[in-house]
Every structure is written in C-alpha cells, then in structure tokens.
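Note sheet for the following structure.
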Amino acid sequence: EGDYLEVLFERKAGYFKETDNDAVMEKVDNEGNIIGFSGRLIDNSDKTAKYINTPETLIYHKRETLFGIDLAKEAIKKQGQAVLVEGEFDVITPYQIGLENFVAIKGSAVTREQLMLLKRYTNKIILALDVDAAGEEAVKRGIEEAESLDFEIDVLTFDFAKDPDEAIRKDEKLFKKALKNPMPIYDFIIDKAIKKNPEKDPFSKKRIADEAIIYIEKIKNPIVQSHYIKKLAVLLDVAEKSIETLIKRIRQEKRYKQSFKVFRKKAEEIDREIILQKYLLSLIFQNKNPYNFCEKIFKIISIEDLAIPSYIKIIDRFLTHQKKFSDNFEANKFVLRLEPELRPVFDEIFLFASIEPDFEDTKVEKLVYELKKLSLKRNITRLLKEEEPKKDNTEEILRNLNRQLKEVEKKIATL
C-alpha cells in the first residue's frame, strides 16, 4: 500500500491503516461483517472535518452500530460490563493495553438501539465519554433509555485528559485506577450540580435540586430512587418530603404535557379533516366534468363523512342539481340556486383549491382515503365517549369501524 503502515488487531475486523496524516478504520457488526468505514484526519491543522464516515446505507445504520462490538462482546460477557466511549481511537488504544470490553458510539448520542445491542451481553455499562460539556450532556441524555432497559450505569471520571485515548497515552496506570472506581451515574449528576453551585444559600440549593431531581425522578427501581432522595436531602440539609414534593410536581407537569400533546394532535387532525374536505369539494366544483369527478370521490367516502353541516348541504344540493338539470355545470348558476347563507361558503370552497398549494403533489385518491381515515377515527372516538347508554350493537359497530380503518390505512400505505 505504498507509504501505508498497516496496524492489525488479532482479527481482520477493527483495524486501521495509518499514514502521517490520516487513518481509515473498518466498521463491523457484532458478527464481524464489514458494514462501513470511518476515516480520521490526524493532522487537523487546516481545520477540515476530523472524521469522515460512511453515510447511512441499507446495512449501515449509525444508531444501531457500536465500533468494536465484534471484538469486545466476549470480554463484555466475561467481565459483566461494557465501557462505552465516543471515538474509535478510544476503543483501539485500550485494546492495545489489554482492555477489551470497550465499544464506541458514533457522535455523542447514546441510542436505544445501541443499548439494546449491549443488553445481549451485559446489564452494566460504564460511560467513558469525552470530558467536556458535550460528553456530560451525552451522559445525561443516555440515562432515560438506559433506565428503561434496566441497566446499571456508572460514569468513568478523570481530570488529566480529554478522553480515554489521551488518558492512556498520558498515564496508563492512573487510567486503569480510575476504571476500577467509576462513579454511579446519579452520584455523578448530583456531584456535577453541587460543583456548579458550591454556595450554601437557599437559592444555590434550589438550583442543585432542580438539576438533579429531573434525573432522580426517572429512576424506575423504588429502592434506588429512595436512596438518592435521602442522599440529596442530606446534602442539601432539607427534609426528604421536600424532594418527594418536587418529584410529584415533575410528574404532574409530565402528565399535563402529555395530555396537551394528545389534545393538540386531535385539534390538528380536526383542522386537517376540514381542510381536506374543503380542498376535495373545491376540486369537484373546478373540474371540467364535476359530476363524474364527484362520483369517483364518493365511491370512497360518503356524504356522512363530511364533518361540516354546510358542506353536507352544498354537496347534497349539487347532486340534486345534477338530477334536475341536464346542462353542463356552471358555478355561477348553481350558486344562485343555493340558500343565501350557503353562497359565501360555496364561494370560499370554490376558490380553495386554487390558493392551497400543499396538496398539489399528492394523489387525489390518497387524499380521499386520508379523509375517510380521519372520518372513521372521529366516529370511533365519538362512540367511545358517548355518555348515553350504549346501544346493544355499539360494540359490533366499533369492530366494523376499526376493521374499515385498518383497510383504509393499508390502502393509504400502497398509494
């Protein structure tokens, strides 16, 4: 390879080729199959990108990949823990001194998919991410996913280097000593909050509690959570009840936000349903053959699927107009036959397709099926919320509506 010096681990996977200014490393899956490559520019004096990675492909998904997992999995199982680092060199350098249970994420985000991969081999992880603000935030972001998968989480802390690669190069013995004494993650969170707010006044205590409590609230195990409630109360010199009150408040806010999200989604669906109705009716009235076009649309939906009474009346008058008058449809004549209160509504509908560009690139058939879907969901919700005694056949009606909804959703997926 000319000037390349090949450095090979004990297997074909996980190696890199190095020159004076760059290195190329293979990315492999947990079975050792090559799925991509990562390039690192060692001399970064020109401020170009330090890493160049394989883009997302059918077989390479950054969120699902851990560098070095094929080499580390046996060591992880044997030692009962995995050390999670940020960069490839933070795996390579430890491996060279016999630390084989290291794996690397890509970027600074620990994903659920990566944690699920690790879950095959261990229930304990040590986070050894970069010693900077981004690394600290990555530790915090990984907590909720790790908690949901019932991991025991520690954090590797050291203050003499920015990452494991540099730490080993500076002082191998000191790094190994730190590795033997990682800090439980919630102790790490509390410790960081106290260092940011070292004063003993009430407002500093409040800031410490505000920062730590959002993570203590996430703890699933009641024994572990109780331990940290007591610990934080002692450190702040407050009653445990004060910490418990803050946790209850956070949970109430979460429930409120969740309820608001559901409400907003429903409101957006209602708005979407009305816009779709207006747009499709506008297409009918603007079409060169409106009656034929209308017939195609109302083979999929029915008049009852329209949610606005005035729209129902207008389309009903339109179909009646078709039966009474054999001449071609003329909007200016039709509008005069409508009741006065329906005329401005018709004018608004008629122009709507001309001023609403959002649907131009979407198949009309797909829009019609989407309207049918929203109508079915609205009817299902109405039946479930009925306060009056339900009819004997309500359950049967609901089953039929749900069956129709599934069929419509399948149809939409094919369009």
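Values below: every heavy atom of this structure, side chains too, minus hydrogens, waters and symmetry copies.
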Begin from the C-alpha positions of N221 and D150 and carry the test side-chain contact (heavy atoms from CB on, under 4.5 Å) through to its verdict. CA-CA 9 Å; N221 187 289; D150 198 28; 6.0 Å; no
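- Not one N or O on the side chain of Q277 forms a donor-acceptor pair closer than 3.5 Å with the backbone of Y311.
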Decide side-chain contact (heavy atoms from CB on, under 4.5 Å) for V85 and D163; before the verdict, give the C-alpha distance in whole Å, the side-chain angles of both, and the deciding distance to 0.1 Å. CA-CA 8 Å; V85 298; D163 56 35; over 6 Å; no
Go through the steps for L66 and L118 under the test side-chain contact (heavy atoms from CB on, under 4.5 Å), then give the verdict. CA-CA 9 Å; L66 289 167; L118 282 177; 3.6 Å; yes
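- Panel note: side chain T122, backbone K77; no donor-acceptor pair is recorded below 3.5 Å.
- Separating the CG atom in N379 from the CD atom in Q404 is a distance of 9.5 Å, to the nearest 0.5 Å.
- The stretch residues 294-303 participates, sequence neighbours left out, in these side chain to side chain donor-acceptor pair (under 3.5 Å) pairs: S302-E304, S302-D305.
- Side-chain contact annotation: R207 with S204, donor-acceptor N/O pair under 3.5 Å present.
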Just do the salt bridge (Lys or Arg N to Asp or Glu O under 4.0 Å) check on E409 and K373 with the steps written out, would you? CA-CA 7 Å; E409 286 175 338; K373 181 184 80 169; 5.2 Å; no
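- Expressed to the nearest 0.5 Å, how far CD1 of I125 lies from CG of L115 amounts to 5.0 Å.
- More than 12 heavy-atom neighbours from other residues, nucleotides or ligands sit within 6.0 angstrom of NZ on K176.
- Counting non-hydrogen atoms of neighbouring residues, nucleotides and ligands closer than 6.0 angstrom, the CG atom of L336 exceeds 12 such neighbours.
- No donor-acceptor distance shorter than 3.5 angstrom exists from the side chain of D191 to the backbone of D187, with no hydrogens or angles considered.
- Although no hydrogens or angles enter the test, the distance criterion places a donor-acceptor pair under 3.5 Å between the side chain of T320 and the main chain of D316.
- Residues E407 and K410 form no side-chain contact, since every pair of their non-hydrogen atoms from C-beta on lies 4.5 Å or further apart.
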Before you tell me yes or no, could you show the steps for N123 and K119 under side-chain hydrogen bond (donor to acceptor under 3.5 Å, both in side chains), namely the whole-Å CA-CA distance, both residues' side-chain angles and the distance that decides it to 0.1 Å? CA-CA 6 Å; N123 286 318; K119 192 72 175 175; 2.6 Å; yes
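- You'll find the side chain of R317 reaches within 4.5 Å of the side chain of E339, heavy atoms only.
- Here the CG atom belonging to L283 is positioned 8.0 Å from the CG atom belonging to L367, to the nearest 0.5 angstrom.
- Checked by atom type, the side-chain pair D165/T93 shows a donor-acceptor distance below 3.5 Å.
- At least one side-chain heavy atom of L232 sits less than 4.5 Å from a side-chain heavy atom of I208.
- The 12-atom threshold is not exceeded at CZ of R249, counting heavy atoms of other residues, nucleotides or ligands nearer than 6.0 Å.
- Atoms CD1 and CD1, from I219 and I223 in turn, are 12.0 Å apart once rounded to the nearest 0.5 Å.
- Atom CG of residue D90 and atom CG of residue L129 lie 9.0 Å apart, to the nearest 0.5 angstrom.
- Side-chain polar atoms of R403 and N400 form a donor-acceptor pair below 3.5 angstrom.
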Apply side-chain contact (heavy atoms from CB on, under 4.5 Å) to the pair L71 and E100, showing each step before the final yes or no. CA-CA 7 Å; L71 296 173; E100 300 179 5; over 6 Å; no
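- Note on ring orientation: taking the six-membered ring where Trp is involved, the planes of F334 and F329 are tilted (angle from 30° to 60°).
- Salt bridge absent: K205 and E199 never bring a charged side-chain N and a carboxylate O closer than 4.0 Å.
- Checked against ring-ring contact (aromatic ring centres under 6.0 Å, His included), F298 has no partners two or more places apart in sequence or in another chain.
- Judged purely by atom type and a 3.5 angstrom limit, Q286 uses its side chain to pair as donor or acceptor with the backbone of F350.
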What's the verdict on ring pair (Phe, Tyr, Trp, His ring centres under 6.0 Å) for F318 and F285, showing C-alpha distance, side-chain angles and the deciding distance? CA-CA 9 Å; F318 175 73; F285 298 133; 5.2 Å; yes
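- Ion pairing between a basic and an acidic side chain is recognised when a charged N comes within 4.0 Å of a carboxylate O; D210 and K206 show such pairing.
- Taking 4.5 Å as the limit, every side-chain heavy atom of Q81 sits out of range of all side-chain heavy atoms of E152.
- Taken to the nearest 0.5 Å, the CG atom of N181 stands 10.5 Å off from the CG atom of D154.
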List the atom pairs, donor and acceptor, that lie under 3.5 Å between side-chain atoms in residues 239-247 and the rest of the protein, sequence neighbours left out.
residue: T245; atom: OG1; partner: K241; partner atom: O; Å: 2.8

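- Residues E145 and T111 are not in side-chain contact: their nearest non-hydrogen atoms beyond the backbone lie 4.5 Å or more apart.
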